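Here the structure comes first, spelled out in structure tokens, and everything after it is commentary.
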Amino acid sequence: MTAVTAPRRRSHASAPQTRAAWLLVLPFLVVFAAMFIVPLLYSAYLSTFTSQLVGGDTFSGLANYARVLQDPSFWAGLGRVALFLVIQVPIELALAIFFALALDSRRVRGGRVARLLIFVPYAVPGVVAALMWGYLYGNGSGLIAQIFQAVGLPSPALLSSQNILGSTMNIVSWEFIGYNMIVIYAALRSIPAELYEAAEIDGAGEFRIAWSIKLPALRPAILLTVIFSIIGSFQLFNEPNLLYKIAPNVIGYDFTPNLYAYNVAFKNQDVNYAAAIAFLLGLVIAIISYVVQTSVTRRERKG
Amino acid sequence: MALGALVVSAALVLSGCSAQSGTDSSGPVSQSDIDKAMSTPTTITFWTWVGDFKKQIAEFNKKYPKITVNVVNVGSGQDEYTKLRAAIKSGKGAPDLAQVGYDYIPSFNQTKSLADLTPYGAAKLKSKFTESSWSLVANSAGIWSVPQDTGPMGTLYRSDIFKQAGLDAAPATWADFATAAETVKAKTGAYITNFPGNDMSNTLGFFWQAGAKPFTYDGKKTVGIDVDSPAAQKIMDYWQPLIDKNLVATDPDFNDAWYQGLNQGKYATWLTAAWGPLFLTGSAKDTSGKWTAGKLPQWKAGDDISGNWGGSTDAVLALSKNKIPAYEFSKFLNSDPKSALSLTSEYSLFPPTTGTLKSTDFTDASSDFFAGQKVNAFFSQVSTTVDSNFEYLPFMDYADSSFNSTIGKAITNHTDLKAGLAAWQKSLVDYAKQQGFTVK
């Protein structure tokens with residue numbers, strides 16, 4: 001919303017004020033250019049070359065991009081993260097919204113502790129998380145498998161090719177439900193108390209308030225978490241990379257497009273092709289984020 | 001999660017700044033050149049993941065007080081190679097001396113990143129090392145590194161589990177090993193061994209023993225790739241029924257579940273290298289006194305043939321401005337009798353130097369972990385049964401990741417191993433061609 005009001009304010013600003021504003025923004029711009037724009041342009045430049053161990057680099061225009069479009073590894077990875085997005089993100093966000101609403105209703109005792117406990121997984125370092133889930137998921141020797149065996153059930157192969165995507169979804173949900181919950185909870189806290197008072201006078205119950213006041217007010221926050229989750233899903237890297245240690249053959253080198261780009265750069269020593277993969281992935285993310293954002297805002301305007 | 005993309009793009013920048021490593025104009029170096037270099041105050045940088053080599057450097061400095069050796073650990077194996085490649089490409093920040101596995105020498109040679117040690121008198125070292133280790137650091141074009149340790153393979157078995165199954169020694173042949181697998185499973189519930197799908201080097205050790213020659217490289221543009229040769233197929237034909245009948249575990253190795261398995265007696269044997277005994281002493285402490293070292297099962301009764309798994313060398317980089325002291329240190333560290341011996345006791349390295357292998361200080365050591373067996377003496381003999389004719393490709397990192405997604409995947413998923421070999425072959429040939437190599 002600040003983005004809408006800022007330009008209006010600018011017309012009032014005097015010249016010294018504008019200069020001061022630029023001065024204040026300058027450090028950010030310098031870092032942004034050096035750490036983001038320049039590497040991005042450089043990767044774009046790199047992606048137009050073909051490198052060979054024998055023969056070195058030659059300019060090849062868009063040949064790398066054409067190769068990516070025909071690369072089954074790229075498409076398989078993209079399909080996997082798309083499936084991940086469609087299944088995991090709704091579950092994760094529904095749970096995050098549910099927890100945030102429950103905590104905000106003030107009906108839950110020990111809300112502060114609960115909030116902390118739900119958020120803690122987000123703060124657990126990835127390596128620790130990998131060790132932990134490795135221990136829980138382990139075939140035969142893992143905790144989950146042992147519980148199943150103790151009850152007399154066949155233990156599920158959580159690290160098999162069929163189940164690994166589900167196991168990954170579980171880890172990512174565990175990590176990010178707390179994060180999204182905090183974003184939504186913060187938005188809930190900023191709803192003016194008068195609205196609740198008015199609703200109570202009108203005789204609305206807790207559920208009615210949640211449905212008619214809180215959820216509509218949460219829209220921008222939910223949209224934000226949706227966009228973050230879409231980007232996060234397509235860029236899925238850490239979790240499969242950590243699971244690689246315990247299930248190397250199941251994860252493989254191309255489980256997600258990002259992991260594939262990483263392995264192409266470092267194991268195949270083909271930085272140029274990796275740059276092309278990364279760029280096409282970025283393009284896909286940009287398009288999908290844009291479509292989601294515009295379709296939601298259009299619906300908002302209609303409503 | 002967003003970190004992934006950042007890491008990739010940052011790395012793209014790092015490794016992109018490219019400047020090919022300079023080749024040195026080298027004639028033979030005279031003794032006076034060496035003397036001069038060794039008495040000039042110089043600091044050399046040495047990348048290694050073995051340890052800090054404090055004692056060895058102190059000994060070296062008694063002889064050459066002017067040389068300072070700066071040891072840096074930038075990660076082990078591929079982690080180091082990745083950083084080394086980036087440093088070589090950018091032409092800055094590379095060390096003078098670096099630990100490089102035997103299997104990665106062709107890769108660094110292909111980019112002309114290693115210095116030929118011939119002008120510095122390295123040919124004289126040949127007689128000090130085993131043939132199988134020397135043949136991996138030297139070829140007709142030059143001498144590219146100094147061997148540090150090797151990994152002749154044997155069978156480490158749990159004598160308690162074997163006894164319970166009524167077996168009293170390591171199976172002599174692979175056929176015996178398969179029979180033992182049935183017995184061990186039936187009587188103890190343990191797997192005879194673990195056949196990991198994530199460990200190309202382990203599998204290549206079996207190739208080596210069976211006489212399969214999967215790779216050749218002429219040092220220039222021509223590679224030979226033959227990973228699904230009849231000899232390799234014979235190996236997979238052997239393991240297939242053992243895996244199908246669930247007599248062999250197929251767990252990925254060197255992770256927590258595997259360590260647990262070793263400690264809990266899930267596997268009755270570990271088909272491993274000479275560094276295995278000391279590794280177990282550290283990682284499977286609970287099983288002390290229960291292990292015995294035996295020979296690798298043989299394909300033909302009466303044979304005595306082993307393979308090699310792992311081992312490293314210390315190579316001088318072509319970019320180094322201090323090649324003489326770097327080489328002199330590498331030579332001292334790995335071939336001076338006292339220093340070489342101390343590497344075995346202090347860092348559990350299995351020696352490639354014939355002197356150490358014969359030295360009673362080395363062979364007389366007995367291990368409580370192995371119930372008093374003289375494991376060093378045992379593997380010293382094994383090291384003489386390793387074929388010295390084995391080569392690697394100049395792109396073993398790709399071979400490794402491709403192994404994991406083809407044959408390795410077949411092992412883990414219990415599917416057709418020979419189809420996995422064929423897929424590995426195809427993927428290697430495709431990659432080699434795409435990278436501009438001529439495939440023989």
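For the numbers below, each heavy atom of this structure counts, side chains included, while hydrogens, waters and symmetry mates do not. Note on naming: letters A, B, ... go to the chains in the order of the sequence lines (proteins, then strands), and numbering restarts at 1 for each one. The shown structure was predicted, so the numbers you read here are calculated from the model rather than taken from an experiment.
- For a residue to count as touching a neighbouring chain, one of its non-hydrogen atoms must lie under 4.5 Å from one of that chain's; by this rule A/Ser160 does not touch chain B.
- Both the backbone and the side chain of B/Ser401 come within contact range of chain A, with heavy atoms under 4.5 Å apart.
- The contact between B/Asp397 and chain A is made by backbone and side chain atoms together, counting heavy-atom distances below 4.5 Å.
- Remark: B/Tyr259 OH is packed, more than 12 non-hydrogen atoms of other residues, nucleotides or ligands lying under 6.0 Å away.
- Heavy atoms of B/Gln434 lying under 4.5 Å from chain A belong to its backbone as well as its side chain.
- In this structure, the portion of A/Lys245 lying under 4.5 Å from any heavy atom of chain B is its backbone and not its side chain.
- In this structure, CG on A/Leu159 lies 11.0 Å from OG1 on B/Thr412, to the nearest 0.5 angstrom.
- Looking only at side-chain heavy atoms (C-beta outward), A/Val54 and B/Lys220 stay at 4.5 Å or farther from each other.
- Between the side chain of B/Asn198 and the backbone N or O of A/Pro248 there is no donor-acceptor pair closer than 3.5 Å.
- No more than 12 heavy atoms of other residues, nucleotides or ligands lie within 6.0 Å of OH in A/Tyr290, so this atom counts as exposed by the packing criterion.
- Enclosure of atom CG in A/Leu143 by more than 12 non-hydrogen atoms of other residues, nucleotides or ligands within 6.0 angstrom is indicated.
- Residue A/Tyr244 touches chain B through its side chain alone, counting heavy-atom pairs closer than 4.5 Å.
- Listed for the A/Asn249 side chain is a donor-acceptor partner under 3.5 Å among the backbone atoms of B/Asn404.
- Of all heavy-atom pairs between A/Gln269 and B/Ser107, the closest is NE2-OG, 4.3 Å.
- Contact check for A/Asn268 versus B/Gln435: no side-chain heavy atoms found under the 4.5 Å cut-off.
- With rounding to the nearest 0.5 angstrom, the CG atom of B/Asp400 is 12.5 Å from the OH atom of A/Tyr253.
- Proximity to chain A (any heavy atom under 4.5 Å) is restricted, for B/Asn413, to the side chain, taken from C-beta onward.
- More than 12 heavy atoms of other residues, nucleotides or ligands sit less than 6.0 Å from atom CZ of A/Phe119.
- Looking at B/Tyr431, only its side chain comes within 4.5 Å of chain A, counting heavy atoms on both sides.
- Between the CZ atom in A/Phe266 and the CZ atom in B/Arg85 there is a gap of 11.0 Å [rounded to 0.5 Å].
- Only the side chain of B/Asp256 comes within less than 4.5 Å of a heavy atom of chain A; its backbone N, CA, C and O stay farther away.
- Heavy atoms of A/Asn241 lying under 4.5 Å from chain B are absent altogether.
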